[in-house]
**Student:** 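Here you go, one structure.
The analysis underlying the following values was restricted to heavy atoms, covering all of them including side chains, and did not include hydrogens, waters or symmetry mates. For ligands, and for the atoms within them, numbers begin at 1 and follow the listed sequence.
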Amino acid sequence: MRTFAIAASVVALALSLIGPASADPIIIKFSHVVATDTPKGKGAEKFKELAEKYTGGKVKVEVYPNSTLYKDKEELEALQLGSVQMLAPSNSKFGPLGIREFEVFDLPYILPDLKTLRKVTEGPLGARLLKLLDSKGITGLAYWDNGFKQMSANKKLITPADYQGVKFRIQSSRVLQAQFKALGSLPQVMAFSEVYQALQTGVVDGQENTWSNIYTQKMHEVQKYITETNHGYIGYVVIVNKKFWDDLPADIRDQLSKAMKEATEFSNAQSQKENDDALAEIKKSGKSEIIKLTAEQDEAMRKAMEPVYKDAAGRVGQALIDEFLKEAKSTTN
Ligand code: LMR
């Protein structure tokens, strides 16, 4: 009996030296509001796969898509409180947190193509913007694409006059609010998860989003027309709770950084295809008529939205807008 007791305490001592913590993986809850079959949804799944592989299972990533855990505004609060560790909100969602600079991404036609976008996000300007998140207890890890936005409604949206009096759902961005006001529309802030129903019941008449979001949320089933405007961009900042990130063991943080870098390359390489495929599916469904604008009609839309730049200068700063415009000019020239 005595030998057994000694043996048992030796085993207990050995176990305590290994430490119970080593058996418990570090959990990263990654919450987002879109479907899994989207650029962001696939990026999150790729990060999970790589993070778990590179840390040898020491980290477990739980991905919660489709607002199953939190809606738009709640998710940022939850991250700051540490209830969730990782998110990828759109650039538009940072204004209400007090980081207005990210709303520059919402300016109509500011990013003419993905090439310009990459120059911004992968250069010093992008790094500087990420740094702004620190003061809110947030660490910015990467920029992920979605794509360019289209306008949808139950009426044909061709000229700026067609937007007069139309109720549009918007994300919580003052720049987007100014954009629709410039068109004479009535913008209404609403969580992403509520858009489909709001369109179906007529709470709002229209919305703006990327092909992949329109398709995976079935918005095309409750919108008769979608105009291919490509007037704005939706992209994301992958963020973590700063304290959680800083407190991670250095080797784990390095492995997760590597996973994030590769997941970012993966996600951004397929975002365009995701949107192209979604457009093809919408066309195939025949549920929504796709409207293309002529060069003159496109020009009229650009002109109608020009006043938004002046309005936004007071919020995001003229100097920042100029930096973006300079990048665009040097890319397209
Ligand atoms: C929206 O709210 O329309 C989008 O930002 C949702 C998303 O995360 O793509």
**Student:** Do Asp72 and Arg169 sit within salt-bridge range, that is, some charged N less than 4.0 Å from a carboxylate O?
**Tutor:** yes
**Student:** Answer side chain, backbone, both or neither: which part of Thr38 comes under 4.0 Å from ligand 1, heavy atoms only.
**Tutor:** neither
**Student:** Charged N to carboxylate O under 4.0 angstrom, Lys42 versus Glu45?
**Tutor:** no
**Student:** Taking only residues two or more places apart in sequence or in another chain, which ones pass ring-ring contact (aromatic ring centres under 6.0 Å, His included) with His220?
**Tutor:** Tyr215
**Student:** Give a yes or no on whether a salt bridge exists between Glu265 and Lys261, defined as a side-chain N under 4.0 angstrom from a carboxylate O.
**Tutor:** yes
**Student:** Is it the side chain (CB and beyond), the backbone, both or neither of Asn213 that lies under 4.0 Å from ligand 1, heavy atoms counted?
**Tutor:** side chain
**Student:** Going by the order shown, which atoms of ligand 1 are within less than 4.0 Å of some heavy atom of Ser90?
**Tutor:** 5 (O)
**Student:** Phe47 and Phe266: aromatic ring centres closer than 6.0 Å?
**Tutor:** no
**Student:** Can you tell which of Asn146, Val34, Ile234 gets a heavy atom nearest to atom 7 (C) of ligand 1?
**Tutor:** Val34
**Student:** Please tell me whether Leu176 and Val33 are part of a single hydrophobic cluster in this structure, the criterion being side-chain heavy atoms less than 4.5 Å apart.
**Tutor:** no
**Student:** Please work out, at 4.0 Å between heavy atoms, whether the side chain, the backbone, both, or neither of His32 comes within that distance of ligand 1.
**Tutor:** neither
**Student:** Can you tell me if Glu208 has a non-hydrogen atom under 4.0 Å from ligand 1?
**Tutor:** no
**Student:** Looking only at protein heavy atoms, which one is nearest to atom 5 (O) of ligand 1, and how far off is it?
**Tutor:** Gln171 OE1, 2.8 Å
**Student:** Give me the residue, atom name and distance of the protein heavy atom closest to atom 9 (O) of ligand 1.
**Tutor:** Tyr236 OH, 2.5 Å
**Student:** Can you tell me the protein heavy atom closest to atom 2 (O) of ligand 1 and the distance?
**Tutor:** Arg169 NH2, 2.9 Å
**Student:** Apply salt bridge (Lys or Arg N to Asp or Glu O under 4.0 Å) to residues Asp254 and Lys258 and explain how you reach the verdict.
**Tutor:** CA-CA 6 Å; Asp254 287 351; Lys258 180 169 142 74; over 6 Å; no
**Student:** Which of the atoms of ligand 1 are close to Lys40, meaning less than 4.0 Å from one of its heavy atoms?
**Tutor:** 7 (C), 8 (O)
